[in-house]
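Written below as structure tokens is the structure these notes are about.
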Amino acid sequence: MSGGTPNGPQTEAGGSDLEHGLPMFSAGDPQALAQEKAELAELAVKPVLARWFGYARKTGPGWLQSAMTLGGGSAASSLTIGALYGYKLLWVQPIAMILGIIMLSAMSYQTLSTQARPFGAMKKFVHPSVAWAWALATLAATVIWHFPQYALAAGMTQDMIKVATKWEPTGASQTLLLLGIGVVILTISTIITWNYGSGWRGIRLYERALKVMVWIIVASFAVVVVRAAVIGNIKWGELAKGLLPLYIPTDTAGVGAVLGAFGAAVGINMTFLYGYSLLARGWGREHRGLARFDLISGMLIPFVLATGLMAVAAAVTIHGSKDVGSGVSAVAAAKMIAEAGVGEEIGHYIFGLGILGMVLSSVTTHMIVAGFAACEMFKIEPKGWKYKLACLIPGVGMLGVVLWQYMGFWVAVWTSAVCGLMLPIAYIAFFVMQNRRDYLGADTPAGGRRWLWNIGMGLAILATLAYLVYAAQGKYYEGIQKFFDTLVGG
């Protein structure tokens, strides 16, 4: 494997025995990379607003993180918070994401300062067993959570077909339709993933189209919120209070919603993807300011807007309804849009396309991180046909269009338990690396900066540990007990 870096001489921090950079990705256009570095140097001395405007045209890896986290799970969580608690828990997901971004900022600081690949760095400066557990948990989560993404996409597509044609297949016809939808999604995702990092204009067009698809769902719920505001249904005082952590639930569902949001704002596979997506862009220490801006503009802002609008939309339409049990489904969300005056058919299409945009973004990023994780574990350079095959590892999730309803319970509990345990361990590993001078060298934070980093990362670690303890006493314990009861016929 290559030990060089496309960003100039290797830094002393990290050591010469580590693998640095991803030249098979970033070396594709060295002139463009050199020009970008020169422009960043010019932006560094400009006023804040001018600097942000310049940064906005260069963002990228943060949007990959946004694409991965804004999936079906985020939608269900946001809608449930609004449906069950109205405005009271609007503060949860923004704060959870801010803590997640603190951890990702530390990861970007380490990767961009040293140019070292995170897997090798963790093996050397924490422990090989921790690095291997991190990579294996990433791969397991990526494969398993591929299944429900396909199931969600197939269900929404079938719903749109039903609305458009009044055709509602059953039996073998329905199975063939679902499998056909799965094959189409897998094919599109594979084409995009295999060209990741190639610099093709078509990929950039796809990324822009993907952002549009993701924001369609935001616009859909914005329609509900705007209409509610016009007719006076929004209680602005309660909404403002809901943005502050003034209400902390004590019931089981509320505690689970809060801790679940804190524990899942950044998934284990996101921690693996981020460092490698930075290296794939050829970013180095010159990009550290851009990386922070990228996380805020490409991840925090879209996430807060999307989840906030969904929660408010649910709060102003179905909060307090007797039809809301412990959550709200995608179908109920589509009806919310229709009730807002958009029209039932258009409501189904808008929400369905938004969900498909979320699924495509999540599936594609899952495939990319699977390729990186597999290549690192088996010491394969992420390029050529071996990398392409590695990206297809989670492709088996396409069968989720028909299998997830049967296999969900059998694998979801175990995967959640393992990955839930691994996330705080990975956080602690990056905390340790942030304080190791033999890794970061002169870039090791000192003085007040070190205290700020450690306090922020410590809060993020405590949040994930709190979720882990709660889940271990609740759903993991009950789910695993039920699993064994089923095995023994209890």
Side-chain angles (χ1 to χ4, degrees), residues 5-11 13-14 20-23 25-69 97-98 100-118 121 196-197 199 203-204 207-208 210-211 266 270-304 365 368 372 430 434 440 442-445 449 452-453 456-457:
T5 170
N7 296 301
Q10 184 174 292
T11 64
H20 291 74
L22 289 172
F25 281 90
S26 56
D29 197 346
Q31 291 183 343
L33 185 58
Q35 181 180 350
E36 183 176 70
K37 291 182 179 181
E39 292 173 353
L40 287 174
E42 295 177 1
L43 288 172
V45 297
K46 289 188 176 182
V48 173
L49 291 180
R51 186 161 64 248
W52 287 353
F53 182 78
Y55 281 167
R57 293 174 293 177
K58 304 179 186 301
T59 57
W63 283 97
L64 284 177
Q65 295 293 306
S66 182
M68 181 172 280
T69 194
M97 181 52 68
I98 287 172
I101 283 180
I102 291 173
M103 293 302 304
L104 290 175
S105 295
M107 296 174 203
S108 73
Y109 182 83
Q110 295 170 23
T111 302
L112 298 180
S113 297
T114 66
Q115 288 288 289
R117 299 186 188 180
Y196 174 74
I203 301 303
R204 293 191 177 186
E207 291 174 346
R208 292 169 185 166
L210 199 60
K211 292 177 184 179
V266 174
M270 293 169 65
T271 65
F272 202 99
L273 172 65
Y274 188 50
Y276 288 88
S277 66
L278 294 171
L279 295 177
R281 281 288 298 269
W283 286 12
R285 63 175 55 248
E286 304 91 344
H287 295 78
R288 290 188 300 197
L290 172 59
R292 290 190 294 271
F293 177 85
D294 185 37
L295 282 174
I296 294 173
S297 64
M299 186 178 182
L300 177 63
I301 292 176
F303 180 85
V304 169
T365 50
I368 291 170
F372 282 137
F430 283 107
Q434 186 78 355
L440 292 177
D443 291 303
T444 306
R449 289 178 61 247
L452 288 175
W453 273 117
M457 297 174 75

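- Test R281, K37, E36, K58 against H287 for side chain to side chain donor-acceptor pair (under 3.5 Å) and you get one pass: E36.
- Looking at every heavy atom in both residues, T111 comes nearest to P118 through OG1-CG, 3.9 Å.
- Within the 3.5 Å criterion, the main-chain N or O of F293 finds a donor-acceptor partner in the side chain of S297.
- Looking at heavy atoms from C-beta onward, L273 lies in side-chain contact with T365 at the 4.5 angstrom threshold.
- The two residues Y274 and S108 have their closest heavy-atom pair at CE2-CB, 3.4 Å.
- Between the side chain of S113 and the backbone N or O of Q110 there is no donor-acceptor pair closer than 3.5 Å.
- Considering all non-hydrogen atoms of both residues, E286 and L40 come closest at O-CD1, 3.7 Å.
- Partner of M299 under the side-chain contact (heavy atoms from CB on, under 4.5 Å) criterion, chosen from L64, I101, T59: I101.
- Note that CG of L295 is 9.0 Å distant from CG of L300, once rounded to the nearest 0.5 Å.
- A donor-acceptor contact shorter than 3.5 Å links the side chain of Y109 to the backbone of D443.
- Residues W63 and P302 are in side-chain contact: their nearest non-hydrogen atoms beyond the backbone lie under 4.5 Å apart.
- Nearest approach of P445 to L440, heavy atoms of both residues: CD-CD1, 4.0 Å.
- Atom CZ of residue F430 and atom CG of residue L104 lie 9.0 Å apart, to the nearest 0.5 angstrom.
- Counting heavy atoms from C-beta outward, I368 and S277 have side chains that stay 4.5 Å or more apart.
- The CG atom of L112 lies 7.5 Å from the CG atom of L279; values are rounded to the nearest 0.5 Å.
- In this structure a side-chain-to-backbone donor-acceptor pair under 3.5 Å is present from R51 to K46.
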Side chain to side chain contact (heavy atoms under 4.5 Å, CB included), that's the test. Do Y55 and L43 meet it? Break it down for me.
CA-CA 8 Å; Y55 281 167; L43 288 172; 4.0 Å; yes

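- For Q115 (side chain) and W283 (main-chain N/O), a donor-acceptor pair under 3.5 Å exists by modelled atom type.
- Here the OG atom belonging to S105 is positioned 9.5 Å from the CE atom belonging to M107, to the nearest 0.5 angstrom.
- Within the 4.5 Å cutoff, no side-chain heavy atoms of V266 are placed close to those of M103.
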